[in-house]
Peer 1: 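Pasting a structure here, questions to come.
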Amino acid sequence: MVVVVVVSDDPVFLASFAQQAREGRLLVWATRLIVVTRRAPHRLHPLHQTLALTNSLLLLVDGTAGVSRASVKAVLPFQSPRDAVLWRASWTVGHGLQLSQPLFWDKFNKFSKETSLIVTMEPNDRNTVVMVPDPTAPGGERPVFKGYMITVIEYLAQGLNFSCTFRRPPDGVWGMKLKNGSVIGMVGQVHREEVNMALGPFAINAARYEAVDFTWPVEYMSVKVFAGRETPEIDPWGFLLPLGPWVWAMVLAFLLLLELASFLLSYKFSPYELTSKNLSFTSIMLRQCENFIIRLRNDINCSCSYVEKRISPVPILMMNK
């Protein structure tokens with residue numbers, strides 16, 4: 001938990017701090033801000049907006065002579081500078097700190113009064129838009145969206161007590177942060193505070209996260225990237241790839257050693273037996289049966305006689321009535 005305390009009576013400094021803190025995204029919701037001042041014009045626009053949209057408090061110290069007291073107040077979200085701030089606590093020398101409610105709370109949980117928010121949105125494959133005539137809208141038309149994201153924003157509006165007006169981005173893009181620091185599209189509208197929120201759904205990435213804050217995800221999408229494959233090329237020596245050169249050399253050397261030992265220990269020296277013994281290790285190496293090569297040779301020699309037996313004449317018996 002980070003608590004930032006700013007103490008100043010200079011309105012210019014407070015306004016400059018508020019503007020730079022918001023533009024530099026120093027004050028996130030997890031950071032608590034306490035502004036201590038002596039009746040400074042806190043209704044100055046940059047400071048008022050910062051106090052309204054951040055987890056912050058305004059500690060006003062009574063600067064009259066001989067008086068030591070202070071009041072703690074909070075600015076509600078989207079509150080007009082003309083509205084009175086919310087009193088949270090007071091402090092005096094004799095009574096100490098008196099709390100009416102917890103100092104820091106989730107003031108975005110529900111708005112105290114109905115608030116009108118501006119929402120930017122662009123049509124997509126799941127949300128459509130229809131332009132309807134409206135004399136009060138820019139250009140005489142206002143967009144009306146339909147889709148499942150409209151159901152989401154209507155559910156939030158009912159729970160948080162706000163109404164919304166839709167506005168499309170002038171450039172018609174979803175938006176991102178460019179390399180030169182500028183932000184375009186709907187993301188740019190939110191970043192420049194031209195609108196209160198943008199309705200997507202948006203894909204979260206680092207460039208957008210540097211410019212705006214995102215709500216809790218409402219949808220998870222699986223994205224796949226397809227790429228064309230080249231024509232496969234057959235490598236005739238591909239069977240050598242599973243093993244390294246030294247492994248293949250040791251296998252061949254061991255195979256020759258086995259064949260030599262088998263030749264020396266063999267007691268039958270007929271050509272058939274010699275061939276069978278010498279080729280048995282090779283057939284095992286090729287993951288074939290032991291006498292694969294010998295049987296293949298015998299099958300070729302016997303193929304002619306086998307075919308003659310298969311096509312021998314078959315007698316046909318014919319009976320007359």
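Because the structure is predicted, anything quoted here is derived from the model rather than measured.
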Peer 1: Indicate yes or no: at least one non-hydrogen side-chain atom of Ile150 is less than 4.5 angstrom from one of Met121.
Peer 2: yes
Peer 1: Where is the tightest heavy-atom contact between Asp171 and Gly185, given as atom of each residue plus distance?
Peer 2: OD2-N, 2.9 Å
Peer 1: Would a hydrophobic clustering, with Ile, Leu, Val, Met, Phe, Trp and Tyr connected at side-chain separations under 4.5 Å, put Phe162 with Val218?
Peer 2: yes
Peer 1: Measuring only between side-chain heavy atoms, which start at C-beta, is Thr50 closer than 4.5 Å to Val35?
Peer 2: no
Peer 1: Linking I/L/V/M/F/W/Y whenever any side-chain heavy atoms sit under 4.5 Å apart, do Trp91 and Val3 land together?
Peer 2: yes
Peer 1: Nearest 0.5 Å, what's the CD1-OG distance between Ile34 and Ser56?
Peer 2: 9.5 Å
Peer 1: What pair of heavy atoms forms the shortest contact from Asn127 to Gly147, and how long is it?
Peer 2: OD1-CA, 3.2 Å
Peer 1: Apply side chain to side chain donor-acceptor pair (under 3.5 Å) to Glu233 and list each qualifying residue two or more places apart in sequence or on a separate chain.
Peer 2: none
Peer 1: May I have all residue pairs that pass salt bridge (Lys or Arg N to Asp or Glu O under 4.0 Å) and include part of residues 102-112, sequence neighbours excluded?
Peer 2: none
Peer 1: Going from CZ on Arg38 to CG on Asp62, what distance comes out if it is rounded to the nearest 0.5 angstrom?
Peer 2: 10.5 Å
Peer 1: Assigning hydrophobic clusters by single linkage (Ile, Leu, Val, Met, Phe, Trp, Tyr; side-chain heavy-atom cutoff under 4.5 Å), is Val2 placed with Leu33?
Peer 2: yes
Peer 1: By side chain to side chain donor-acceptor pair (under 3.5 Å), which residues pair with Arg167, not counting sequence neighbours?
Peer 2: none
Peer 1: Would you say the side-chain atoms of Trp248 pair up with the backbone N or O of Met250, donor to acceptor, closer than 3.5 Å?
Peer 2: no
Peer 1: So how far is it from Leu97 CG to Leu103 CG, rounded to the nearest 0.5 Å?
Peer 2: 6.5 Å
Peer 1: Surrounding CE of Met131 (heavy atoms of other residues, nucleotides or ligands, distance under 6.0 Å), is the total greater than 12?
Peer 2: yes
Peer 1: CD/Gln79 to CG/Leu51 distance, rounded to the nearest 0.5 angstrom?
Peer 2: 10.5 Å
Peer 1: Once side chain to side chain donor-acceptor pair (under 3.5 Å) is applied, do any residues pair with Ser16, and if so which ones, sequence neighbours excluded?
Peer 2: Gln20
Peer 1: Under the side chain to side chain donor-acceptor pair (under 3.5 Å) definition, can you give me all pairs with a residue in residues 190-201, not counting sequence neighbours?
Peer 2: Arg22-Glu193, Arg192-Glu194
Peer 1: Minimum heavy-atom separation for Met149 to Gly200, with atom names?
Peer 2: CG-O, 3.6 Å
Peer 1: Scan side-chain atoms only and decide if Asp10 and Ser8 contain a donor-acceptor pair under the 3.5 Å cut-off.
Peer 2: no
Peer 1: Among residues at least two apart in sequence or on other chains, which ones pass salt bridge (charged side-chain N to carboxylate O under 4.0 Å, His left out) with Arg168?
Peer 2: Glu122
Peer 1: As a quick check of understanding, evaluate side chain to side chain contact (heavy atoms under 4.5 Å, CB included) for Leu58 and Val75, giving each step before the final call.
Peer 2: CA-CA 8 Å; Leu58 179 65; Val75 182; 5.6 Å; no
Peer 1: When you measure from the side chain of Arg32 to the backbone N and O of Asn55, does any donor-acceptor pair fall under 3.5 Å?
Peer 2: no
Peer 1: Only pairs at least two apart or in different chains count here, so list each side chain to side chain donor-acceptor pair (under 3.5 Å) that has a residue in residues 144-162.
Peer 2: Tyr148-Glu219
Peer 1: Counting N and O atoms only, with roles assigned by atom type, does the side chain of Arg208 sit under 3.5 Å from a partner on the main chain of Gly175, one being a donor and the other an acceptor?
Peer 2: yes
Peer 1: Check side chain to side chain donor-acceptor pair (under 3.5 Å) between Asp134 and all other residues, then give those that pass, not counting sequence neighbours.
Peer 2: Thr136, Arg142
Peer 1: Can you list every ring pair (Phe, Tyr, Trp, His ring centres under 6.0 Å) pair that touches residues 95-146, not counting sequence neighbours?
Peer 2: Trp29-Phe108, Phe78-Phe111, Phe145-Phe166
Peer 1: Side-chain heavy atoms nearer than 4.5 Å, only ILVMFWY residues, links allowed to pass through others: does that put Phe17 and Leu53 together?
Peer 2: no
Peer 1: With heavy-atom distances below 4.5 Å as the criterion, would you say the side chains of Leu57 and Leu59 are in contact?
Peer 2: no
Peer 1: Taking the side chain as every heavy atom from C-beta outward, state whether Ser80 and His48 have any atom pair closer than 4.5 Å.
Peer 2: no
Peer 1: Linking I/L/V/M/F/W/Y whenever any side-chain heavy atoms sit under 4.5 Å apart, do Val61 and Val7 land together?
Peer 2: yes
Peer 1: For the CE atom of Met197 and the OG1 atom of Thr215, what is their distance to the nearest 0.5 Å?
Peer 2: 9.0 Å
Peer 1: State, yes or no, whether a side-chain contact exists between Thr165 and Ser116 at a heavy-atom distance under 4.5 Å.
Peer 2: yes
Peer 1: Members other than Leu256 in its cluster, when Ile, Leu, Val, Met, Phe, Trp, Tyr link by side-chain heavy atoms under 4.5 Å?
Peer 2: none
Peer 1: How is the hydrophobic cluster of Ile184 composed, in terms of its other members, when Ile, Leu, Val, Met, Phe, Trp and Tyr link through side-chain heavy atoms under 4.5 Å apart, directly or indirectly?
Peer 2: Val173, Met176, Leu178
Peer 1: Checking one residue: Val212. Which other hydrophobic residues are in its cluster under the side-chain 4.5 Å linking rule?
Peer 2: Ile118, Trp174, Val183, Met186, Val187, Val190, Val195, Phe202, Ile204, Tyr209, Phe214
Peer 1: Run the side chain to side chain contact (heavy atoms under 4.5 Å, CB included) check on Val6 and Thr37 step by step: do they pass?
Peer 2: CA-CA 8 Å; Val6 180; Thr37 184; over 6 Å; no
